[in-house]
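Both ligands and their constituent atoms are indexed starting at 1 by order of listing. If you read the sequence from its start, that first residue is 1, and numbering goes on from there. No hydrogens, no waters, no symmetry mates; every other heavy atom, side chains included, goes into these values.
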Amino acid sequence: MTTFDQSKIRNFCIIAHIDHGKSTLADRIIEMTGLLTSREMQAQVLDNMDLERERGITIKAQTVRTVYKAEDGEEYIFNLIDTPGHVDFNYEVSRSLAACDGAVLVVDAAQGIEAQTLANVYLALDHDLDVIPVINKIDLPSAEPQRVIDEIEDVIGLEAQDAPQISAKTGLNVEQVLEAIVHKIPAPTGDPKAPLKALIFDSVYDSYKGVIIFCRIKEGTVKKGTIIQMMATGAEEEVVEVGYFGAGQFIPCDELSAGMVGYITASIKNVRDTRVGDTITDRDNPCDAPLPGYKKVLPMVYCGLYPADGAKYPDLRDALEKLQLNDASLQFEPETSIALGFGFRCGFLGLLHLEIIQERLEREYNLDLVTTAPGVIYKVYKTNGEVIDLTNPSNLPDPSEIEHMEEPFVSAEIMVTTEFIGSIMELCQERRGVYLGMEYMEETRALLKYELPLNEIIYDFFDALKSRSRGYASFDYEMKGYVQADLVKLDILINKEEVDALSFIVHSSTAYERGRKMCEKLKDEIPRHLFEIPIQAAVGGKVIARETVRAMRKDVLAKCYGGDISRKKKLLEKQKEGKKRMRQVGNVEIPQKAFMSVLKLDDK
Ligand SMILES: Nc1nc2c(ncn2[C@@H]2O[C@H](COP(=O)(O)OP(=O)(O)OP(=O)(O)O)[C@@H](O)[C@H]2O)c(=O)[nH]1
């Protein structure tokens with residue numbers, strides 16, 4: 001029932017710069033195609049679907065199968081594979097692309113090519129995908145489809161004169177995209193009788209089914225009862241169910257064979273066993289070599305996460321463990337801070353990943369968190385030959401033990417309209433960027449190439465870029481490697497006491513500037529106390545900046561003339577609430593948000 005003619009399968013993804021209409025086009029494609037082939041309509045699949053519905057499984061799958069009845073009268077199976085849209089998840093993007101045979105490139109007719117358009121196209125071409133350009137948003141009055149078509153040809157070198165000109169929003173000309181998918185994206189190949197070789201491009205944890213693996217079968221066939229083996233992690237398990245995902249439902253089928261995209265469940269308990277990029281094979285009839293490109297993704301950014309209320313520490317640990325079930329790239333280990341108490345040092349793929357996790361902890365698990373400044377991983381070469389991966393500034397060895405240090409660098413491409421080139425170059429300069437070159441895309445736009453320290457872009461680079469180009473710049477980067485740098489630890493002392501959670505690593509050339517700004521920020525954040533509070537920034541014990549919070553008597557009852565006791569009580573209650581959001585360091589109370597103030601130091 002379920003083996004399909006390979007020539008009728010199309011595995012593809014949609015790539016685009018953010019906001020160019022990727023999701024809207026995907027929705028339109030799903031709307032305009034059907035869920036089942038006419039053959040399947042008569043099968044029992046529908047019963048299974050109802051079962052799924054009853055169990056209420058609602059996982060947003062990364063791939064959707066639909067059926068398109070083409071103009072040639074044939075039915076084609078479309079597997080639309082979702083690709084994450086952010087550099088933090090670049091590796092996942094590359095694995096999703098490796099599962100496709102072609103890509104639909106959406107370009108906004110009013111905006112033209114942007115930094116991520118290029119980055120995505122190059123990734124797709126690296127994977128030998130056929131790329132179909134599509135011009136979207138032609139309904140907009142500012143649309144200039146012909147200009148964008150010429151730009152695609154000039155800049156990317158893709159034939160685009162007959163690119164569909166569509167409005168994903170209204171549905172105009174979207175059927176041309178469907179026909180282009182049929183005619184321009186090649187059908188998959190692979191031998192269904194060969195030993196199993198399947199690429200994992202995503203996996204999610206479901207409390208009922210266990211881990212659900214999304215994969216592309218490159219060779220062979222997998223079905224219920226097959227003992228599968230993950231070639232990199234070594235995990236083995238018997239397949240419980242195979243199927244595909246359509247219209248919000250998991251639809252089981254008999255088998256998945258070469259060329260198909262679908263899911264496998266096998267009572268696996270943890271996504272760490274089913275790493276994206278790994279190859280699945282049949283334990284009893286294994287393939288000779290895994291698919292190329294597997295890589296264990298490692299966190300790039302670390303920060304401390306602390307419960308605002310110390311008693312919630314076990315809850316935070318439970319929540320992190322639950323999130324980790326579904327997110328193999330999230331790492332955490334317990335740490336203690338003198339200022340913040342018990343918490344965790346957590347590793348993330350990037351700042352967006354950090355924000356997502358932080359938001360989920362706060363919303364889904366109802367936790368109030370204090371986050372310390374995120375930092376990158378430095379390599380510390382010690383005089384005794386040891387090399388440390390430093391994820392927490394507090395663990396920096398004594399300077400006398402350090403031979404030298406290295407910091408991670410990225411190569412970045414920034415697309416900007418010519419009028420803002422000056423201010424963007426200035427920004428990159430301030431962030432210790434190394435200028436590599438510039439290409440003019442057309443008269444009005446240029447692509448700037450820089451190498452930048454990761455540490456300088458993880459905080460607020462993107463915001464700074466947007467504000468200095470009035471929103472006209474776009475940006476993309478990839479990791480390049482480690483470079484030796486003159487780095488120092490900047491300590492913050494409040495009322496002469498070092499606050500460990502505020503320490504961070506900076507380049508020595510920016511230490512003074514950063515220290516000064518930190519002190520200024522903290523001065524605004526820390527309320528007046530009954531005594532004067534010096535705020536100092538120091539490097540290696542030497543104070544390099546100072547501010548003072550002047551003394552004041554804070555009498556919350558001062559406003560209450562007369563004796564309204566209930567009002568007085570209310571004010572005292574309020575003060576108590578406020579105190580909860582404070583951290584006691586020595587005899588100074590520091591508001592929690594002060595710990596985040598290190599993040600927003602760009603004041604232009
Ligand atoms: N006028 C017009 N607006 C569109 C069209 N297609 C998408 N949009 C709008 O553009 C915005 C971005 O569309 P999305 O589909 O969310 O873009 P995306 O590329 O998926 O963006 P991310 O999910 O953020 O990566 C939305 O407000 C859409 O309604 C179109 O054809 N015409």
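Of the heavy atoms in Lys137, both backbone and side-chain atoms come closer than 4.0 Å to ligand 1.
Taking every non-hydrogen atom of Ser167 and a distance limit under 4.0 Å, the qualifying atoms of ligand 1 come out as 30 (C), 31 (O), 32 (N). In the vicinity of His17, heavy-atom distances shorter than 4.0 Å reach the ligand 1 atoms 19 (O). Numbered from 1 in the order shown, with element, the atoms of ligand 1 that lie under 4.0 Å from a heavy atom of Leu140 read 1 (N).
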Check: residues 168-177 side-chain donor-acceptor pairs under 3.5 Å, at least two apart:
| from | atom 1 | to | atom 2 | distance (Å) |
| --- | --- | --- | --- | --- |
| Thr170 | OG1 | Ser167 | OG | 3.1 |
| Thr170 | OG1 | Leu172 | N | 3.3 |
| Asn173 | ND2 | Gln165 | O | 2.7 |

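Counting heavy atoms only, Thr24 comes closest to atom 28 (C) of ligand 1 of the residues Ile18, Ile135, Thr24.
For residues 152-166, every residue pair satisfying the salt bridge (charged side-chain N to carboxylate O under 4.0 Å, His left out) rule, not counting sequence neighbours, is listed here: Asp162-Lys184.
With a 6.0 Å radius and a threshold of 12 heavy atoms from other residues, nucleotides or ligands, Arg147 has its CZ atom above the threshold.
Taking both residues in full, the closest heavy atoms of Ser469 and Phe420 are given as O-CE1, 3.4 Å, listed atom of the first, atom of the second, then distance. Across all non-hydrogen atoms, the minimal contact from Ser329 to Pro299 is O-CG, 4.0 Å.
Polar contact check, Ile166 against ligand 1: no nitrogen or oxygen pair lies under 3.5 Å apart.
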